[in-house]
Asker: 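Structure in structure tokens, see below.
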Amino acid sequence: MKRRACMTQVRQDNIVVVPYPDARAGKPITGRPTHCANATYGLDAGSTVNIYAPFSSQMDWDIAKWAKLHGSSSTAFTDLLEIDGFKREQIIVVGEAFDVFHRDIIECIKVLYSDPDFADFLIFAPERHYADEDQTVRLFHDMHTGQWWWDTQRALDQRRPGATIIPIIILSDKTQVTMFRNKSAYPVYLTIGNIPKEIRRKPSRRAHILLAYLPTTRLEHIANKASRRRTISNLYHACMSRILAPLKTAGTDGLVMSSGDGVEHHCHPLFACFAGDYPEQLLATGVKAMECPKCDIPTEELGSNTAPFEILDLHAVLDALSRIDDGDLVFVQACHEAGIKPIIHPYWEDLPHANIFQAVTPDVLHQLYQGLIKHLLGWLTQACGAAEIDARCCRLPPNHHIRIFMKGITSLSRLSGTEHSQICRFLLGIIIDTRLPGNLASSRLLKAVRGLLDFLYLAQYPCHSSETLLLLDEARALFHDNKEIFIDLGIRTNFNLPKLHSGRHYLTMIRTFGTTDNYNTEYTERLHIDLAKDAYCMTKWLERKEKIACHEQFIKWHLDGDRAPHHPHPPDLRFDCTQQLTKHPSAKAVPIQKLITNYGATYFRQALARYIAQQQNPNEVITRQHLENLAAGIHLPFHAVPVYHKIKWLSTDARGHGDPLVTVDSIHARPHRNARRENDVVPARFDTALINDGTGSFVGVKGFRVGQIRLVFSIPASATQFLFPPTNQPPKHLAYVEWFTPFPATLDPRHGMYKISRLTKSGERVASIILVSNITRSIHLMPRFGAVALRHWTVNNVLEECDTFFVNCYIDRHSFVMLR
């Protein structure tokens, strides 16, 4: 109940916003003329009449756009679209020259800050958000709701009152480029915290800019490994220092910048966050391997959930770095005592208001999915057996959110973050009731896995409260309290894993910089498909591609006209989607007998008769026996009905960001059919759904039931006037549902899932007709496999063969919030 109470707090609509106490913070410069960025671009294009200028017509523009976006090999329009955005410089380290490609970071910041698409959404000042009038439940979501922006604004006010902070977020990652002699590119990206995270996380919105390509040499000619590592570290910091150097003056003195609507602010771009994988965190901070890049916890205590630690002392580190001129031995010793390697002038050394040990952010992709979940899969394979795990993976019921791994998961290699995410959606369910070596009880194993998965899902909430943050600690504690099972099984000897320890920093970092989707390296992973090419060629193509995007944006602005004003609000955890069926039925007239034989709607006539009887007597309280008597007297004046094979739910642009609608959930209810290939058959599929009886709410299962959707249909229009009173006509879409037992009063204490079974009466399944609008969403049921999965079960028949199921709460965030 505690979790549900917390989530109720997060979703309240009446958010209390406490602005920064100095009203001058983030305010525009008054008395200056404004020039909308799109209007200015139109003038620069050379024509106020032709919006496609410098192209002569829409056709010419479309051809140009196709040519330049088609690939880096296209050559047409090169002269027209050439930009001098990237610079190629040489960095000298230990007498050797290295090439680095980079853009002017101030110009990159201006491009993002002045983008007209972001003008209505930019955030200029910190705020504190609360879920209650008493201001006891604080909310954290976008970066401006975290403590860093508030504290930094206060520090900046001492010298520059009324400043607008631009939080700089740097993201980097190494990616293998097999198409270019197996060399690795090292891209560095930039975005700004003024842009809401809901926009930044979408690659299509172009809120991340490729800032630089760092040298990718391995320095294999340096024989001494320690010397090689030291040189690579110094090379990295020399390059980053060159790239970020303009932030020193701009961050301290500020500069006037115009947002996309032409309004000017006195801006201070300040290095705020660094997002990267563990090796890159070590490289950036100068901390040694197998140590935490943020705190002083000893290596042998990384697996502890209670060992004390302190964030590394930036002032002590800067004092150590300042001893570089006192001789090598003194410098090395000072750095060792401060907890870092001897780096020659790290790039963050003199950036204003920067603290690299605070700036290193949680990394859900690499720390959790590619780190802990990867470890967990290996541990479970040893504990439960590869054959049994794989056998269960390919016997799961289908669902919109579930990927069926028909060959299992234990033999897969080089899994992506997306694949690890897909596995997490069913991982706990497939190990319930498995036999452990030595006949050890599975309770601790289930609780450990549950704790890790709960932490993973909680860590990705788009909005946290001061209460839900405590659930992060509870989930992590659940894992640590039960992790000894892996030692008892002989799988682990200790848990001194830096990525496991990193979980202890999540709560503080969310309070500091907002939720983890503010700084997720997964967003830049999606850009690598465009960037995994030769650095020099790729930068030229990107410049032209961005020029096309800018011109396309101007044309869209000119054609669309003024947009409605934006009213920002925190992200919502509700399943706020629009249900949709096709305009026309999948099958226009399916005979009732085929509904029985092909769709499994065994009691369609009886169920529909009961529904009609209820609608004919809407104001009466009818007993079950009386209802059966009324239904027996109803004759159906038709022999076939139109049928729909799919229900889907579309996302809504609730935050006004202009996002396209996408399908976020679906339910299939279709019989088997012949495939296009000869002698091939597409099996039947009848999904399970969460159905609201009219009293269900956002959190918890009260008012909800689980049912299997056998049929979605409409009553022929010609029959409704005879069957229903004029004041109580039926909706267009109805569904025939086979029911499962109600949700039990409590969750299973081991794995935290609800256990349900088929609802039967006298050995027959109980079914009824419901409104399709009462179907809330799809639901996934995990079969109770027992000690060994029955081999005659398949993905296509398991819902029919199995009688007992566990309701899967991990298929997406909404299910987790609702069913936990």
Side-chain angles (χ1 to χ4, degrees), residues 1-8 10-11 368-369 373 376 380 392-393 396-403 420-433 442-443 445-462 468 471-472 474-476 478-479 573-575 577 649 664-665 667 687-692 696-707 740-757 776-785 799 802 804-820:
M1 292 303 294
K2 180 179 180 181
R3 184 189 304 275
R4 295 175 187 171
C6 293
M7 292 317 305
T8 302
V10 172
R11 67 163 292 268
L368 300 185
Y369 283 120
I373 298 303
L376 183 62
L380 292 177
R392 298 177 182 220
C393 288
L396 299 176
N399 179 272
H400 177 88
H401 304 276
I402 296 294
R403 174 181 171 183
H420 276 126
S421 173
Q422 293 165 342
I423 292 171
C424 286
R425 298 174 192 179
F426 57 76
L427 185 60
L428 180 57
I430 63 173
I431 65 171
I432 297 174
D433 295 336
S442 63
S443 177
L445 179 72
L446 294 175
K447 289 180 179 179
V449 175
R450 172 186 169 188
L452 210 52
L453 290 177
D454 283 3
F455 183 88
L456 171 68
Y457 278 66
L458 285 163
Q460 297 178 84
Y461 275 9
T468 58
L471 299 177
L472 272 172
E474 292 182 9
R476 192 180 68 250
L478 182 62
F479 169 79
L573 295 175
R574 289 174 292 189
F575 189 72
C577 302
W649 285 264
V664 296
D665 196 12
I667 287 176
D687 291 346
T688 49
L690 192 66
I691 300 165
N692 193 337
S697 63
F698 165 61
V699 179
V701 296
K702 184 179 179 181
F704 290 95
R705 292 279 298 275
V706 175
F740 289 80
T741 54
F743 285 101
T746 58
L747 298 161
D748 187 292
R750 301 171 304 153
H751 48 70
M753 295 186 189
Y754 288 105
K755 179 181 175 182
I756 61 174
S757 304
T776 301
R777 55 157 301 146
S778 73
I779 202 80
H780 187 242
L781 301 184
M782 297 294 304
R784 183 176 184 180
F785 288 106
L799 280 176
C802 182
T804 305
F805 301 87
F806 301 104
V807 182
N808 190 350
C809 59
Y810 292 108
I811 59 173
D812 62 6
R813 184 184 299 133
H814 173 259
S815 294
F816 181 77
V817 171
M818 184 176 191
L819 299 171
R820 258 286 181 251

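Remember, predicted model here, so these are calculated numbers, not experimental data. Atom set for the values below is all heavy atoms of this structure, side chains included, hydrogens, waters and symmetry mates excluded.
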Asker: What closest approach, in Å, do Ile779 and Thr688 show between heavy atoms, and which atom pair accounts for it?
Answerer: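 Distance-wise, the nearest heavy atoms are O-OG1, 2.6 Å.
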Asker: Would you check if the side chain of Thr741 reaches a backbone N or O of Ser757 as a donor-acceptor pair within less than 3.5 Å?
Answerer: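 Indeed, once roles are kept as given, a pair shorter than 3.5 Å links the two residues.
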Asker: Run the side-chain contact (heavy atoms from CB on, under 4.5 Å) test on Asp687 and Asn399 for me, step by step, so that the C-alpha distance in whole Å, both residues' side-chain angles and the decisive distance to 0.1 Å come before the verdict.
Answerer: CA-CA 7 Å; Asp687 291 346; Asn399 179 272; 5.8 Å; no
Asker: Val449 versus Leu380: any side-chain heavy-atom pair under 4.5 Å?
Answerer: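 Heavy-atom side-chain distance check passes, below 4.5 Å.
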Asker: Run the side-chain contact (heavy atoms from CB on, under 4.5 Å) check on Phe479 and Phe455 step by step: do they pass?
Answerer: CA-CA 9 Å; Phe479 169 79; Phe455 183 88; over 6 Å; no
Asker: Within the distance-only criterion (no hydrogens, no angle test), does the side chain of Arg403 pair as donor or acceptor with the backbone N or O of Gln422 below 3.5 angstrom?
Answerer: no
Asker: Under a 3.5 Å distance rule, please check whether Ser778 uses its side chain to pair with a backbone N or O of Ile667 as donor and acceptor.
Answerer: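 Side chain of Ser778 to backbone of Ile667: no pair is present.
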Asker: To the nearest 0.5 Å, what is the distance between NE2 (His751) and CG (Leu446)?
Answerer: 6.5 Å
Asker: Keeping Arg750 on the side-chain end and Ile432 on the backbone end, is there a donor-acceptor pair under 3.5 Å?
Answerer: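 Flag not set: sc Arg750 to bb Ile432 has no pair under 3.5 Å.
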Asker: Can you label the angle between the Phe816 ring and the Tyr461 ring as parallel, tilted or perpendicular, going by 30° and 60°?
Answerer: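 It falls in the perpendicular class, over 60°.
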Asker: Do you know which two heavy atoms are closest between Cys424 and Leu456, and how far apart they sit?
Answerer: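 For Cys424 versus Leu456, the nearest heavy atoms are SG-CD2, 3.7 Å.
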Asker: Find out whether Leu376 and Leu427 are in side-chain contact, i.e. whether some heavy atom of one side chain is under 4.5 Å from a heavy atom of the other.
Answerer: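 The answer is yes, as the side chains (C-beta and beyond) meet within the 4.5 Å cut-off.
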Asker: With side chains defined as the heavy atoms from C-beta onward, is the minimum distance between Leu458 and Thr468 less than 4.5 Å?
Answerer: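 Result no, sub-4.5 Å side-chain heavy-atom pair not found.
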Asker: Tell me whether Tyr457 contacts the main-chain N or O of Tyr810 through its side chain, where contact means a donor paired with an acceptor under 3.5 Å.
Answerer: yes
Asker: Do side-chain atoms of His780 reach the backbone of Pro397 as a donor and acceptor pair under 3.5 angstrom?
Answerer: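 Yes, His780 side chain to Pro397 backbone: donor-acceptor pair under 3.5 Å.
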Asker: What closest approach, in Å, do Ile430 and Cys393 show between heavy atoms, and which atom pair accounts for it?
Answerer: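 Result for this residue pair: CD1-SG, 3.8 Å.
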Asker: How many angstroms lie between CD1 in Ile691 and CZ in Phe704, if you round to the nearest 0.5 Å?
Answerer: 10.5 Å
Asker: Between Lys755 and Asp748, does at least one N-O distance fall below 4.0 Å, as a salt bridge requires?
Answerer: no
Asker: Excluding sequence neighbours, so at least two apart, what forms ring-ring contact (aromatic ring centres under 6.0 Å, His included) with Tyr369?
Answerer: none
Asker: Say you draw a straight line from CZ of Arg705 to CZ of Phe743; how long is it, rounded to the nearest 0.5 Å?
Answerer: 9.5 Å
Asker: I'd like to know if the side chain of Asn808 and the backbone of Arg425 have a donor-acceptor N/O pair within less than 3.5 Å.
Answerer: yes
Asker: Let's go through Arg392 and Met782 carefully: what are the C-alpha distance in whole Å and the side-chain angles of both, what is the deciding distance for side-chain contact (heavy atoms from CB on, under 4.5 Å) to 0.1 Å, and is it a yes or a no?
Answerer: CA-CA 10 Å; Arg392 298 177 182 220; Met782 297 294 304; over 6 Å; no
Asker: What distance do Arg777 atom CZ and Asp665 atom CG have between them, rounded to the nearest 0.5 Å?
Answerer: 5.0 Å
Asker: Mind running side-chain contact (heavy atoms from CB on, under 4.5 Å) on Asp433 and Ser442 for me, showing each step along the way?
Answerer: CA-CA 7 Å; Asp433 295 336; Ser442 63; 5.7 Å; no
Asker: Could you measure the distance from the CG atom of Leu396 to the CG atom of Leu781? Nearest 0.5 Å is fine.
Answerer: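 These two atoms lie 11.0 Å from each other.
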Asker: To the nearest 0.5 Å, what is the distance between OG1 (Thr776) and CG (Leu690)?
Answerer: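 Here the rounded value is 5.0 Å.
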